[in-house]
There are 2 protein chains.
Amino acid sequence: MLKKDGVTIYHIAKEANVSPATVSRVLTGSANVREPAKSRVLKLIDKYNFKPNVMAQSLYLKQSKMLGIILPDIDHPFYSMLAKELERQALEKGYTCLLCNSMQNFAIEQSYLDNLISRQVDGIVFLGGRINQTNPTDELRDGMINALKHVPIVLVNGKMDGADAHIIRTDEANGMRRLLDLLGHHGHRKIGLIGGEIGVSSTDEKIEVFKQVMKQKGWTYKDEWIVNSGYSIQGGEQDALSLLHLDEKPTAVMCINDFVAIGAIKMFQKFGLKIPNDMSVTGFDDTYLAEHFPPGVTSVNHNYQLLAKKTIETLIGLIAQEEQERETVIPTFVTVRNSCEERQS
Amino acid sequence: MLKKDGVTIYHIAKEANVSPATVSRVLTGSANVREPAKSRVLKLIDKYNFKPNVMAQSLYLKQSKMLGIILPDIDHPFYSMLAKELERQALEKGYTCLLCNSMQNFAIEQSYLDNLISRQVDGIVFLGGRINQTNPTDELRDGMINALKHVPIVLVNGKMDGADAHIIRTDEANGMRRLLDLLGHHGHRKIGLIGGEIGVSSTDEKIEVFKQVMKQKGWTYKDEWIVNSGYSIQGGEQDALSLLHLDEKPTAVMCINDFVAIGAIKMFQKFGLKIPNDMSVTGFDDTYLAEHFPPGVTSVNHNYQLLAKKTIETLIGLIAQEEQERETVIPTFVTVRNSCEERQS
DNA sequence: CTGTTAGCGCATTCAC
DNA sequence: GTGAATGCGCTAACAG
């Protein structure tokens, strides 16, 4: 059951006729080593393809150079795009990432949180799940608070009241407003909002901004034009179907994300509506799907690179015990494609 | 720079008036501990929210309970779907995964390989990159051979001649044949194959099977109907465009993956061709995109769950020093959707 | 059942 | 510039 491996700095040291400390020195470059010995060591390292045991290093140095990333579902392009950028940024700073899919399950999420702490990650990036609950349970909150006693955590596009975590968030509210402006320019006054889940902050906040802007502009919205069957393509289909059954329909529909937009577009087309001629649709997140799903979905981009950069910078700053901004807001922008047009009816 | 943390089994032991060994015993359950003491320890563990240092455990036990997963790009649904399943299977067996995006870069791939070994992962799942090169360089091969001296590695849908790695592969050849059967039933005799990259085995092998079957059935194919501009949506657009410029066009086009299929469908439609009426198209990988991209793409499914299960089982078997099948073939199957129909022209 | 001891592999004092 | 000794936090003999 034990592993084979076996070659350590002691083996190298012995064969090179030096002390383990000297091997360590050539390995880390922490001090000069004279030439006859240095070469011998280097040669042996190559000969045995020796790789220092990072667990032992970490144990001594009290830093693992690992970062944990907790997210709900890597299958979702928003998360995969962001995770990739996070990994790239982390790698640049010498950190390796432990990616954890909570699979939308709070128990798994918590067990990963514990696991990451046990594994001595130097910091954690937390996405989705509990930090998107508008009203999280005490248990979820306590789990976060306890975790924060062990390790710095950066929350991306979420929050946890009472927990001392730093936040990086993209300006989704402004994204909504720009989208509404755009629809307004196209003459739309009857607008729906579909997808997402009540009680999840990313949905609740979008609905709030939506209602606020609609009222302020004096446009029409009906409660029955706001339906929320989740974040998936299927959810979008279902919500679009609800709208289709209504006597009075909106002329434009905003979707909580690109998946929902795709589902909605499919359903509308199935019922003979042309997009964008008969119905305008907007997405959110600006994933590659928005670009490539016909007719091309107008969507809000989260500025992924900048978002990832700020997230990792903040986390690493925290690890180095440096003071960091409590909350950083990343600007979003609208990518205009072909899913919105002048109102026809 | 040093971490705060600090509470260890020694602290717990002291405060509970027992030895560190006893704390360890209640932690691991490796031996019974009598009741007055046991409760005291448990209470303190809870009080301090104590989490054992897995690095120290691993160092002693010589197993990290970590698995490395190296893949080219988590953004690609094939990899994200598979990665998620692999993680799920690993989690069930008590392993945590280190996910590494090589970003299609051999140097990064190698550095991750080294990094994973240094980090003492118990095993590695290797996807894409060098193991998909039809003719890898000696350097790439040696990198793999050296890695195998340290840790068991399972290759998924790839190979590395001269390297003693176990292989799990899905029966892509049979998938191609079934797809060709299907097109044949629909009366297609003039068939193209687009996407991918010459020199990459997943492409080369598909082309080989394609040519072989076409010859054997006595159907038509022209070299100019085989174009390969990569694995992306853009690549699919480009290759479809090449076909559109030809005087004589195929009536059906097979695509190396679903991304390429989507790009091709977009381009064909842009030029006024109706899918499937004017042109039949097949995908590969059966990602969620194939399901949802209109009109729904007929594609080959890799049996992701089974694939992940076998991969993790084999790897963990190897870790336990058990004999494992050198090569395991996972059956594929065709998911029929609406992108193929009777030949019109 | 429980405490003492040693050692996993490494980096860093501290002498020399 | 180099070697010997120590300890990071934990588990597993080994005694008792």
Side-chain angles (χ1 to χ4, degrees), chain A residues 1-42 44-45 48-66 117-122 150, chain B residues 1-42 44-45 48-66 117-122 150:
Chain A
M1 202 54 156
L2 270 78
K3 282 175 58 182
K4 47 193 172 172
D5 229 332
V7 38
T8 70
I9 55 169
Y10 289 93
H11 297 90
I12 306 281
K14 195 169 182 184
E15 193 165 338
N17 271 317
V18 295
S19 77
T22 298
V23 176
S24 175
R25 285 180 187 115
V26 341
L27 229 42
T28 63
S30 60
N32 280 331
V33 174
R34 276 222 183 76
E35 222 353 303
K38 187 169 181 176
S39 292
R40 288 205 307 278
V41 171
L42 252 13
L44 288 167
I45 288 177
Y48 290 116
N49 199 249
F50 169 76
K51 309 248 194 306
N53 184 328
V54 173
M55 304 236 132
Q57 289 180 331
S58 300
L59 187 58
Y60 181 86
L61 298 173
K62 290 177 183 302
Q63 58 163 2
S64 64
K65 287 285 181 178
M66 287 197 302
I117 291 168
S118 265
R119 289 194 180 279
Q120 310 296 115
V121 295
D122 296 332
H150 296 281
Chain B
M1 203 55 155
L2 269 78
K3 281 175 58 181
K4 47 195 173 172
D5 229 334
V7 41
T8 69
I9 55 170
Y10 288 92
H11 297 89
I12 306 280
K14 196 169 182 183
E15 192 166 339
N17 271 316
V18 295
S19 76
T22 299
V23 178
S24 174
R25 285 181 186 112
V26 341
L27 230 43
T28 62
S30 60
N32 281 330
V33 175
R34 277 222 183 76
E35 222 352 302
K38 187 170 182 176
S39 292
R40 288 205 308 278
V41 171
L42 252 12
L44 288 167
I45 287 176
Y48 291 116
N49 198 251
F50 169 76
K51 309 248 193 305
N53 183 328
V54 173
M55 302 236 135
Q57 289 181 331
S58 300
L59 186 58
Y60 182 86
L61 296 173
K62 290 177 184 299
Q63 56 165 359
S64 64
K65 287 283 182 181
M66 287 198 301
I117 291 169
S118 265
R119 289 193 179 280
Q120 309 297 116
V121 295
D122 295 332
H150 297 281

| query | Toward the 5' end of DNA chain D, which comes first, A/Tyr10 or A/Thr22, by nearest nucleotide? | reply |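 Comparing both residues, the 5'-ward one is A/Thr22.
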
Assign [X] to base, sugar-phosphate, or nothing according to its heavy-atom contacts below 4.0 angstrom with the strands shown.
X       : result
B/Val54 : nothing
A/Val23 : nothing
B/Val18 : sugar-phosphate
A/Ser24 : base
A/Pro20 : nothing
B/Thr28 : sugar-phosphate

Selected nucleotide, minimal atom distance to [X] side chain, candidates [options]:
X       : options                : value
A/Ala21 : C/dC10, C/dT2, D/dG3   : D/dG3
A/Leu27 : C/dG7, D/dG3, C/dA11   : C/dA11
A/Asn53 : D/dT11, D/dT2, C/dG9   : C/dG9
B/Arg25 : D/dC10, C/dC10, D/dA13 : D/dA13

| task | Mark yes or no for whether B/Ser118, through its side chain, and A/Val54, through its backbone, hold a donor-acceptor pair below 3.5 Å. | result |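 Between the backbone of A/Val54 and the side chain of B/Ser118 there is no qualifying donor-acceptor contact (under 3.5 Å).
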
| field | B/Thr28 side chain to B/Ser24 backbone, donor-acceptor under 3.5 Å | value |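 Side chain of B/Thr28 to backbone of B/Ser24, a donor-acceptor pair under 3.5 Å: yes, one is there.
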
Are side-chain heavy atoms of [X] and [Y] found at a separation under 4.5 Å?
X       : Y        : value
B/Val41 : B/Val33  : no
B/Lys65 : A/Arg119 : yes
A/Phe50 : A/Ile12  : yes

For [X] and [N], give me the distance from atom [atom1] to atom [atom2], rounded to whole Å.
X       : N      : atom1 : atom2 : answer
B/Lys38 : C/dT2  : NZ    : C1'   : 14 Å
A/Leu59 : D/dT11 : CG    : C1'   : 13 Å
A/Gln57 : D/dG7  : CD    : P     : 21 Å
A/Leu61 : D/dT6  : CG    : P     : 20 Å

With a 4.0 Å limit, can you tell me whether [X] has a side-chain N or O closer than that to the phosphate oxygens OP1/OP2 of [N]?
X       : N      : answer
B/Lys62 : C/dG9  : yes
B/Ser19 : C/dG3  : yes
B/Ser30 : D/dT11 : no

